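No experiment lies behind these values; they were computed from the predicted model shown.
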Amino acid sequence: MLINCVVYQNGTKLADIPVSEISDYISRPDAFVWVALQDATPEELEEMQQEFGLHELAVEDARHGHQRPKIEEYGASLFSVLHLVEPSLSNPKDINVGEVNIFTGSNYVLSVRNRSQKGFLGVRERCEREPELLRNGSGFVLYALMDAVVDRYFPILDQMETELETVEKDIFTKGTARSNIERLYELKGRVMILKHAVAPLMEGASKLHGGRVPNICSGVQDYFRDVVDHLSRINALIDTIRDTIGTAIQVNLAMATIEESEITKRLAAWASIFAVCTAFAGIWGMNFEMMPELKWRYGYPVALALIVVTCSLLFWRFKRARWL
């Protein structure tokens, strides 16, 4: 679906144009066309390929989707794949992973957004409010789109940190070991989703501000360095959260072991007490004629009293040792 198709010249918007007129405007000096598509069909991608002269391999990646984040050069153009990590509409704790493919040339920008509900209209408005920066052409638009995608990672990361802190507080609550481990592993899975979106993109974006920079990005190198800096911060925070989750899992397992040990000690203490009762009862229950106190009048009450006193002493001792 076509979202918009706009031509810009010298940093200002000229007009919204139909797709059929794209080839007429991209030949103008100091002009470029910015097209945005959502969930593009193969026919739409083929039409854009003909209008902009896109590389066949890049179009094939965009058509198939589910690509690893990357930034590739095809001659004088760039093909970028970024993951859109967003909270699910049905459950804010779940993560929806979309994708945006960005084709960038000296006189055009084509963004193809897939499996995502949140668009980039705010990015276009931001660029149009800064004509002095938009004069840098398609390179600045590529930066603005990348910056918007990266900025969307921060709220997801904050949510993960908050959830991890909540789980850490519940670790020392008795009876929550199983649920805590399930929550930690679920959180770890979401952290890895974000890791897979950030780490490859950081590697690709680093090529746009240092060393041999593509001509498209030659005027906006400092801006791409800012994107790489944000990605580095996010990546460092992700690694910290992963380490904390690993530590939390180990502590939670240790707490589960301690709880099991406490239960084992209680069972052992009660078993010891009942073993004494069984021993006394077994001895006095033997039917021998010459047993002491067998004919004694107070033998039965004394035997019961001895059992009660012995068990009470054992109970007091286990209680003092905190086994009961």
Side-chain angles (χ1 to χ4, degrees), residues 61-62 64-72 78-102 111-120 123 142-171 179-210 223-253:
D61 286 345
H64 292 163
H66 301 282
Q67 299 293 313
R68 182 176 182 266
K70 59 184 178 179
I71 298 177
E72 296 178 336
L78 291 175
F79 174 64
S80 308
V81 178
L82 289 75
H83 282 185
L84 302 172
V85 182
E86 305 167 349
S88 174
L89 296 178
S90 58
N91 185 0
K93 287 188 176 182
D94 291 338
I95 287 180
N96 176 62
V97 181
E99 185 177 300
V100 58
N101 303 296
I102 307 173
S111 64
V112 183
R113 177 167 53 91
N114 298 309
R115 306 184 307 279
S116 174
Q117 300 297 323
K118 191 174 182 180
F120 293 105
V123 178
L142 174 61
Y143 151 74
L145 290 171
M146 290 181 61
D147 186 58
V149 172
V150 173
D151 284 346
R152 294 179 186 181
Y153 295 157
F154 283 103
I156 300 293
L157 198 59
D158 292 340
Q159 179 185 358
M160 291 177 178
E161 287 183 315
T162 301
E163 186 173 351
L164 179 57
E165 291 173 357
T166 302
V167 177
E168 285 182 310
K169 292 178 181 178
D170 293 339
I171 285 179
S179 61
N180 287 339
I181 291 179
E182 291 177 354
R183 292 165 64 189
L184 287 170
Y185 268 96
E186 181 185 359
L187 179 60
K188 185 178 181 181
R190 282 183 278 146
V191 170
M192 291 307 300
I193 291 175
L194 189 58
K195 178 73 173 180
H196 293 158
V198 171
L201 182 58
M202 182 172 61
E203 178 183 350
S206 62
K207 303 176 183 178
L208 304 182
H209 74 86
Y223 294 95
F224 285 108
R225 182 166 58 243
D226 182 66
V227 172
V228 173
D229 178 65
H230 288 174
L231 288 171
S232 299
R233 287 168 50 198
I234 294 173
N235 191 60
L237 289 172
I238 289 174
D239 290 338
T240 300
I241 291 177
R242 289 176 62 191
D243 293 341
T244 305
I245 289 175
T247 303
I249 290 175
Q250 294 299 322
V251 173
N252 201 76
L253 291 174

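- Residues in residues 144-161 take part in these salt bridge (Lys or Arg N to Asp or Glu O under 4.0 Å) pairs, two or more places apart or across chains: Glu86-Arg152, Arg126-Asp147.
- Exactly one residue among Leu82, Val81, Leu145, Asn114 makes a side-chain contact (heavy atoms from CB on, under 4.5 Å) with Val100. That residue is Leu82.
- More than 12 non-hydrogen atoms from other residues, nucleotides or ligands lie less than 6.0 angstrom from NZ of Lys70.
- Residues Arg113 and Phe120 come closest through the heavy atom pair CD-CE1, 3.8 Å.
- With rounding to the nearest 0.5 angstrom, the CG atom of Asp243 is 12.0 Å from the CD1 atom of Ile238.
- Ser206 contributes atom OG, which lies 13.0 Å from atom CG of Asp229 (distance to the nearest 0.5 angstrom).
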Run the numbers on Val167 and Asn252 for side chain to side chain contact (heavy atoms under 4.5 Å, CB included), then give the verdict.
CA-CA 10 Å; Val167 177; Asn252 201 76; over 6 Å; no
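- Glu72 places no side-chain N or O within donor-acceptor distance of the main-chain N or O of Phe79, the cut-off being under 3.5 Å.
- In this structure, the salt bridge (Lys or Arg N to Asp or Glu O under 4.0 Å) partners of Glu182, at least two apart in sequence or on a different chain, are Arg178.
- Nearest approach of Val149 to His83, heavy atoms of both residues: CG1-O, 3.5 Å.
- Taken from CD in Glu163 to CG in Leu187, the straight-line distance is 5.0 Å, to the nearest 0.5 Å.
- With sequence neighbours left out, the ring-ring contact (aromatic ring centres under 6.0 Å, His included) criterion links Tyr153 to no other residue.
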Step by step, would you call Lys207 with Ile71 a side chain to side chain contact (heavy atoms under 4.5 Å, CB included)?
CA-CA 9 Å; Lys207 303 176 183 178; Ile71 298 177; over 6 Å; no
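- Side chain of Glu99 to main chain of Gln67: a donor-acceptor pair is present (N/O by atom type, distance under 3.5 Å, no hydrogens or angles).
- Every residue was checked against the salt bridge (Lys or Arg N to Asp or Glu O under 4.0 Å) condition with Asp94, not counting sequence neighbours, and none meets it.
- Among residues two or more places apart in sequence or in another chain, the side chain to side chain donor-acceptor pair (under 3.5 Å) test is passed with Ser88 by Ser90.
- Below 30°, between 30° and 60°, or above 60°: for Phe224 and Tyr143 the angle between ring planes is above 60°, a perpendicular geometry.
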Report, one line per pair, each donor and acceptor closer than 3.5 Å where one atom sits in a side chain of residues 194-205; sequence neighbours left out.
unit_1	atom_1	unit_2	atom_2	d
Lys195	NZ	Asn235	OD1	2.7
Lys195	NZ	Asp239	OD1	3.0
His196	ND1	Met192	O	3.3

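- Panel note: side chain Asn180, backbone Asp170; a donor-acceptor pair is recorded below 3.5 Å.
- Taken to the nearest 0.5 Å, the NZ atom of Lys188 stands 12.5 Å off from the OG1 atom of Thr244.
- No more than 12 heavy atoms of other residues, nucleotides or ligands sit less than 6.0 Å from atom OH of Tyr185.
- Note that the CG atom of Leu164 and the CZ atom of Arg242 stand 13.5 Å from one another [nearest 0.5 Å].
- The CD atom of Glu186 sits 9.0 Å away from the CZ atom of Arg183 when rounded to the nearest 0.5 Å.
- Residue Asn96 comes nearest to Arg115 through the heavy atom pair ND2-O, 3.0 Å, listed as atom of the first residue, atom of the second, then distance.
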Are Ile156 and Met160 close enough, and set up right, to give a side chain to side chain contact (heavy atoms under 4.5 Å, CB included), and what steps lead you there?
CA-CA 6 Å; Ile156 300 293; Met160 291 177 178; 3.7 Å; yes
